[in-house]
Amino acid sequence: MQPSEIVILITIGAYLLLMLLVGLKFSKTNHSVRDFYLGGRKLGPLVTAMSAEASDMSSWLLMGLPGVAYLSGVCDAFWTAVGLAVGTWLNWWLVARRIRRYSHHIDAITIPQFFSRRYGDRKNVLTCLAALVIVVFFVPYTASGFAACGKLFSALFGVDYLTAMILCAVIIVAYTSLGGFLAASTTDLIQSVVMTVALIAIMGWGVWMAGGMEAVIQNAQALPGYLSLTETHDAVSGGSQGYGFLTIVSTLAWGLGYFGMPHILLRFMAIENEKKLSLSRRVATVWVVISMTVAILIGMIGLTMSQNGTLDMLSGNGSETILVHMAQLLAKWGPLAAVLAGVVLAGILAATMSTADSQLLAAASSVSQNLLTEFGHIRLREKTNVLIARGAVLLISVVAIWIARDPDSSVFQIVSFAWAGFGATFGPVILMALFWRRSNRQGALAAMLTGGVMVFVWKYVLRPLGGAWDIYELLPAFLLALLAGVLVSLLTKAPETAITDEFDEVKRSLS
């Protein structure tokens with residue numbers, strides 16, 4: 001092992017140790033499942049903002065987005081970033097305060113529980129269905145995060161993929177199962193800082209290695225379609241391809257996914273002082289815009305470095321490792337540079353871990369709290385509930401590890417599908433529950449089923465037909481689910497007076 005690799009390994013090791021210490025610190029604060037899954041609603045505005053966005057972005061921010069910009073130019077990355085930025089702001093502005101107030105009013109600590117209590121579902125059918133949706137989409141999503149960690153260590157140090165993947169999974173499971181929601185949220189704050197340092201550091205160094213920002217722009221201008229917002233660059237042919245209006249709308253639809261992301265909605269529910277949500281919204285939106293802009297620039301800078309011979313040319317999915325190649329080159333400039341490279345690579349690890357821990361908690365709450373306690377009516381003591389919650393984290397992790405055992409498994413393809421699944425299944429129901437007094441239990445159930453089914457149908461049946469069908473499955477599934485929810489609510493019996501009175505009471509408290 002080279003000296004620079006040893007320094008990188010030590011830096012990453014120190015970072016992982018810090019995550020475990022955070023988990024140990026918060027392990028003594030979990031006296032109930034409310035503490036374990038929602039941190040007792042004690043999150044401050046900064047932790048709320050940064051943990052929500054860090055758990056949202058995942059390794060896609062440091063690998064996927066730069067890779068898209070490196071390979072095909074600005075267009076695809078730009079419209080995706082715009083959709084996500086607008087979706088972030090709208091979610092904070094429309095949903096955050098309302099779901100915090102409503103969930104507190106009906107004493108809901110998970111998203112499935114919120115659905116059933118909001119609609120007076122005494123049989124907890126909505127709880128059961130929502131919990132199953134969370135498990136279906138989050139377990140493979142978590143597996144992709146474990147796989148990303150394993151591939152990172154395997155590529156850097158030549159260690160066995162399975163060993164590296166299991167080691168990273170054990171660390172994530174340890175601090176999540178020990179510290180619960182507060183540990184996951186606090187580590188997410190730390191991880192967002194590490195991600196920010198990684199992005200800024202590698203961008204500044206990369207500009208210098210590329211010959212200055214002017215050289216980066218000139219190189220981009222020389223490539224057909226690279227800087228266009230209606231064309232993409234084709235690295236294989238050296239030409240450009242059209243990026244039509246329908247594709248732009250489809251890409252912008254990524255923003256709709258935010259309304260249905262359980263791990264983000266839980267951050268809204270957990271903030272201690274809802275009056276500070278406006279501060280959280282500003283911090284979160286600014287961070288998202290800046291981080292995605294820098295990520296796109298890193299892809300452009302990396303391509304310039306490849307064009308001038310500083311780095312090897314990357315193709316296909318290999319473009320997603322541009323940040324890793326830049327960090328490895330940086331590490332050769334001496335011990336301090338190797339430490340900085342270690343921070344950059346820890347940033348990739350942080351991006352993955354900050355999403356995986358949140359997914360584990362959401363999936364575990366679905367198994368232990370929603371399926372066993374609420375739907376199964378299994379009553380246990382509080383300490384036993386916390387133990388079961390931790391056991392659920394461990395069980396789900398084992399399944400995720402088994403799914404991710406193949407080193408050739410896809411890391412990123414599942415992300416867009418899971419994002420569409422949550423957005424279309426939960427997003428319309430969240431909006432109806434918070435804003436429409438007339439919506440009822442049957443409408444919520446219809447919207448949830450329609451969204452979930454249509455994501456699969458559009459992805460695997462209709463989208464392969466191409467043409468007008470070739471749009472991101474989230475958009476049609478979301479719209480059809482919302483339509484189904486509205487129609488079924490109007491065609492069935494109005495909600496009980498107690499439910500509408502509760503809605504009115506929450507609405508008055510918000511005015």
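Side chains included, hydrogens not; waters and symmetry mates left out as well; all remaining heavy atoms used.
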Next on the checklist: A side-chain contact here means heavy atoms from C-beta on lying under 4.5 Å apart; do D107 and R117 qualify?
Outcome noted: yes
Checklist entry - Of N124, I430, V125, which meets side-chain contact (heavy atoms from CB on, under 4.5 Å) against F115? => result I430
Next on the checklist: Using 0.5 Å steps for rounding, measure from the CD1 atom of I99 to the CZ atom of F114.
Outcome noted: 5.0 Å
Next on the checklist: Would you say D76 and T232 are linked by a side-chain donor-acceptor pair, where the criterion is simply a distance under 3.5 Å?
Outcome noted: no
Checklist entry - Closest approach of L474 and A253, non-hydrogen atoms and distance? => result CD2-O, 3.1 Å
Item to check | All pairs passing salt bridge (charged side-chain N to carboxylate O under 4.0 Å, His left out) where residues 471-481 contributes a residue, at least two apart | outcome: R463-E473
Next on the checklist: Once side-chain hydrogen bond (donor to acceptor under 3.5 Å, both in side chains) is applied, do any residues pair with T247, and if so which ones, sequence neighbours excluded?
Outcome noted: none
Item to check | Non-hydrogen atoms of V288 and A85 that approach each other most closely | outcome: CG1-CA, 4.2 Å
Next on the checklist: To the nearest 0.5 Å, what is the distance between NE2 on H105 and CZ on R100?
Outcome noted: 13.0 Å
Next on the checklist: Tell me every residue that passes salt bridge (Lys or Arg N to Asp or Glu O under 4.0 Å) with E505, counting only those two or more places apart in sequence or in another chain.
Outcome noted: none
Item to check | With sequence neighbours excluded, residues passing salt bridge (Lys or Arg N to Asp or Glu O under 4.0 Å) with D504 | outcome: R437
Checklist entry - Short question: side chain of R441, backbone of D121 - any donor-acceptor pair under 3.5 Å? => result no
Checklist entry - Hey, do the aromatic rings of F268 and W92 have their centres closer than 6.0 Å? => result yes
Checklist entry - Taking only residues two or more places apart in sequence or in another chain, which ones pass side-chain hydrogen bond (donor to acceptor under 3.5 Å, both in side chains) with R438? => result none
Checklist entry - In terms of side-chain heavy atoms, does Y243 have a donor or acceptor partner in T251 at a distance below 3.5 Å? => result yes
Item to check | Donor-acceptor pair, side chain of S489 and main chain of V486, under 3.5 angstrom | outcome: no
Checklist entry - For W436, does the CH2 atom sit with more than 12 other heavy atoms under 6.0 Å from it, leaving out its own atoms? => result yes
Next on the checklist: Applying salt bridge (Lys or Arg N to Asp or Glu O under 4.0 Å), can you list everything that pairs with R101, at least two apart in sequence or on another chain?
Outcome noted: E274
Item to check | is_close_aromatic(F417, F456), centroid dist under 6.0 Å | outcome: yes
Checklist entry - Does the side-chain contact (heavy atoms from CB on, under 4.5 Å) test come out yes or no for N91 and M261, once each step is laid out? => result CA-CA 10 Å; N91 203 27; M261 292 298 125; over 6 Å; no
Checklist entry - Distance only, no hydrogens: is a donor on one side chain within 3.5 Å (strictly under) of an acceptor on the other, for T492 and N440? => result yes
Item to check | Minimal non-hydrogen separation, G421 against V455, with atom names | outcome: CA-CG2, 4.0 Å
Next on the checklist: With a 4.0 Å cut-off on N to O distance, would you call E496 and R122 a salt bridge?
Outcome noted: yes
Checklist entry - Looking at residues at least two apart in the chain, or sitting in another chain, which of them share a side-chain hydrogen bond (donor to acceptor under 3.5 Å, both in side chains) with Y119? => result S439
Next on the checklist: T425: which residues meet the side-chain hydrogen bond (donor to acceptor under 3.5 Å, both in side chains) condition with it, sequence neighbours left out?
Outcome noted: none
Checklist entry - Do the rings of F426 and F422 sit parallel, tilted or perpendicular, given the 30° and 60° boundaries? => result tilted
Checklist outcome for this item: Those residues at least two apart in sequence (or on a different chain) that pass ring pair (Phe, Tyr, Trp, His ring centres under 6.0 Å) with W469 are W458
Next on the checklist: If you define the side chain from C-beta out and look only at heavy atoms, does anything of L445 sit under 4.5 Å from V429?
Outcome noted: no
Checklist entry - Do the side chain of S72 and the main chain of V68 share a donor and acceptor less than 3.5 angstrom apart? => result yes
Checklist entry - Under the ring pair (Phe, Tyr, Trp, His ring centres under 6.0 Å) test, which residues partner W402, sequence neighbours left out? => result none
Next on the checklist: Do Y258 and T88 pair up side chain to side chain, a donor and an acceptor below 3.5 Å, judged on atom types alone?
Outcome noted: yes
Item to check | ring pair (Phe, Tyr, Trp, His ring centres under 6.0 Å) involving F259 - partner list, sequence neighbours excluded | outcome: none
Checklist entry - Can you name the residues that form a ring pair (Phe, Tyr, Trp, His ring centres under 6.0 Å) with F478, not counting sequence neighbours? => result none
